Amino acid sequence: MGTLAAGLLLASPGRDASAQTAPELPPVPKECGGEGRIYGVPLPNSAVALQQRKKLKIVAIGASSTAVLGGRASRPPLLEQLLEKTIKGLDVEIVNRGFSGELAEAAGERIKLEVALNHPDIILWQVGTNDALAHVPVENFRLSVSNTVRWLKAHNVDVILVGLHYMKQLVKDPYYQGIRKSLGDIATGENVLRIGRYEAMEILDRTAAASGQPEQEAFGLSEEGYNCMAQYIARNITVGLYAKRTTKPPVAPN
Amino acid sequence: MPRDANAVDFWRGFALVTIFINHVPGLWYEKLTHRNFSISDSAELFVFLAGWSLGLLVVRGDKRFDTARLVARLGGRAITIYAAQILITSLAIALLAGTAYVTGNLLVLEWHNAAAVFQEPELTHIGLVLLTHQLGYFDILPLYVVLMVLGPGLALVDRFARPMLVPASLAIYLAAQITPFTAPTWPVPGQWFFNPFAWQFIFVLGFALSRDEGLGHIVRRNIERIRYIAWPIVAMTSLMVLFNWFPDPTKMPEPRLLFLNGKSFLTPIRVVQFLALAAVFSAAYVFIRRIPWLPEFLSILGRNSLNVFCVGSLLSLSGQIIRFLYTGSFVVDTIVVVSGIGLLWLTAWISEWRMRQSG
């Protein structure tokens, strides 16, 4: 739990969930890369929801919801199960609004409607890959995402950005890397949580290569990979719920 | 012999070309399509004209067919569209899988809601057949299938209880907005991109307005007066789109969908704006038909809309793959658009050539 303890910014007594004792997190399986990165970015609005209602409503936006929520498409998302198991008494509702192929600009407009209609505590936004595939100019992408993130913050909705995939073929693609960097910069500048899927996949890929194992597919394109992703997000949400509010941006998750 | 160019086929062809362009996100030519200055887009036009065409078919059927034959004919049309959806979805999955195989880039397998097809094929294939699992940009035909399945019922209501048609459709539409409800997706939980309970309304409006009696008659008699109201609506909503003058959706009163701009639920602002746009542009064809080749070019696409739509959907996906592989640039985009529209025309031409061959 060393990495987690470092990531958790356990709070002094206050009015948010950080005043409560953070629950013990189950270890992340080795095949998912162990503890992984815990950013410790607070989710202040969700913390209030946890304390007042013991309920968390998450709206998932983006291309491939299965890839982010974990489990099989036909069953309740693994992310929901993990959060409810970790935080006793918490009722998690996940509303899946992932329309595929949607670019950040269009998704941004739809997110506003979903906030108005579903009143979520968290928007889990898988963003960047479609824009990268469609070659949207990086500056347009940056503006679309940052405007939406600011709008969500102004409307007291926490946002978690789920970043781009890691693909060996795209490591040296300057455009793909530009979109990736842009998303990282937005997360840092706006002090919002970004799940670094790319980095996690890259580490697993390197570890596998170094040990002479076949390439792993964690965090993408296999049920096991999707489950790793869900565990990774669940840990970050749990930490974020009990993390102390900070005004300082976290370490850039690049 | 195929019919001569006319306004309905022309606008249907126009809708097909703009759907093809809009379904290649990031394409430079996308900014030239009318959705950049209109709240409604080519999807509304396509569904409205599908209803209009059904209305014309039923009118012709009135003269030639008894009720049973008319219902059987419309049911057969629904089956044809369903078969087309299954075929193009299979081809799209193969296109994605083929691209992933050739390039070695597995990311492509997650594109357009295809991940579940490869991750959980048993259930997802059932979903594809039931139309409860839809690939991104392959989601208009499932709506069209549902609407055409309703076609025989629509024809029966039209034949025996015509005054009930639009009010009943409006009641379902408003219930879908107020409750709100829609069709669910499965096995991936979610909802249809095109809510059939909402979109049926514009289909029925197209059907009703195509007729010379009832609502269609009233509108035809008063079209000049209607255009006086329509022009300011079109102008005002264009400014709203251009300058993003939409109110904060969280500040709207309940039931919110009645006051928001949402495509999935075809919210009232989209219906009103589309009808205004249709009223204004219904005057345009008399001028357009004087332009050399353009009316015939788009009309041949409109006359063969199902074949053109199917090929267009696959060309859009191919266009996305090409842009991904060769990097979207003005030159690549121009090649994609010019060759794509050319192939749409070729599809329509071959369709009519085959009809001529079979007599």
Side-chain angles (χ1 to χ4, degrees), chain A residues 60 63-67 69 71-77 94-103 105-106 109-117 119 126 129-137 140 151 154-157 164-170 173 175-176 215 217 220-223 225-226, chain B residues 23-27 100 103-116 118-120 122-124 127 133-137 139 180 185-191 193 244 246 248-252 255-257 259-265 267 317 320-321 323-324 327-329 332-333:
Chain A
S64 183
S65 50
T66 323
L69 303 177
R72 291 176 81 82
S74 50
R75 294 186 205 141
I94 296 183
V95 180
N96 189 347
R97 290 291 177 270
F99 291 126
S100 56
E102 196 170 49
L103 302 183
E105 188 183 6
E109 290 306 312
R110 206 162 57 74
I111 282 172
K112 293 176 186 173
L113 293 186
E114 295 299 344
V115 169
L117 296 173
H119 315 288
Q126 191 187 0
T129 303
N130 281 333
D131 292 76
L133 295 175
H135 284 276
V136 170
N140 294 6
W151 188 91
H155 287 76
N156 299 320
V157 179
L164 282 74
H165 298 62
Y166 168 78
M167 279 287 146
K168 252 185 184 166
Q169 295 86 339
L170 299 171
D173 184 324
Y175 172 75
Y176 195 79
E215 283 180 26
E217 292 182 317
L221 302 174
S222 71
E223 188 180 345
Y226 295 154
Chain B
H23 281 189
V24 189
L27 197 70
T103 62
N105 188 339
L106 299 180
L107 186 56
V108 177
L109 297 179
E110 284 195 5
W111 218 354
H112 299 311
N113 211 19
F118 301 106
Q119 191 214 352
E120 201 169 352
E122 316 91 333
L123 294 184
T124 308
H133 187 83
Q134 300 163 9
L135 300 185
Y137 299 119
D139 40 22
T185 57
W186 180 87
V188 179
Q191 52 185 221
F193 184 77
N244 199 17
F246 289 98
D248 185 336
T250 61
K251 303 283 191 290
M252 293 290 104
R256 285 197 169 137
L257 279 170
F259 307 98
L260 299 178
N261 171 25
K263 186 169 178 179
S264 286
F265 276 77
T267 53
L317 181 58
Q320 290 178 60
I321 293 169
R323 291 188 87 249
F324 168 59
T327 310
S329 65
V332 171
D333 287 0

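Remember, it's a predicted structure, so these values are computed and weren't measured experimentally. Numbered from 1 within each chain, the chains take letters A, B, ... in sequence-line order.
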Interatomic distance, CG@B/Leu106 vs NZ@A/Lys168, rounded to 0.5 Å, equals 11.5 Å

Would you say CD of A/Glu105 has more than 12 non-hydrogen atoms from neighbouring residues, nucleotides or ligands within 6.0 angstrom?
no

Taking all heavy atoms of A/Ala134 and all of B/Pro25, pick out the closest pair and write down the distance.
CB-O, 3.3 Å

Between atom CD of A/Glu109 and atom CG of B/Asn244, what is the distance when rounded to the nearest 0.5 Å?
5.5 Å

Which heavy atom of B/Asn261 sits nearest a heavy atom of A/Leu113, and at what distance?
O-CD1, 3.4 Å

In this structure, CZ of B/Phe193 is separated from CZ of A/Arg97 (nearest 0.5 Å) by 12.5 Å

Closest non-hydrogen contact found for A/Met167 with B/Asn105 is SD-OD1, 3.3 Å

Taking the side chain as every heavy atom from C-beta outward, state whether A/His155 and B/Asp248 have any atom pair closer than 4.5 Å.
yes

Does any non-hydrogen side-chain atom of A/Leu164 lie less than 4.5 Å from one of B/Leu107?
no

Partner chain A: residue of B/Ser264, B/Ser329, B/Gly104 with the largest heavy-atom pair count (under 4.5 Å)
B/Gly104

Relative to chain B, which segment of A/Leu133 carries a heavy atom at a distance below 4.5 Å: side chain, backbone, both, or neither?
both

Do you know which two heavy atoms are closest between A/His135 and B/Arg323, and how far apart they sit?
CD2-O, 3.3 Å

With side chains defined as the heavy atoms from C-beta onward, is the minimum distance between B/Leu260 and A/Leu117 less than 4.5 Å?
yes

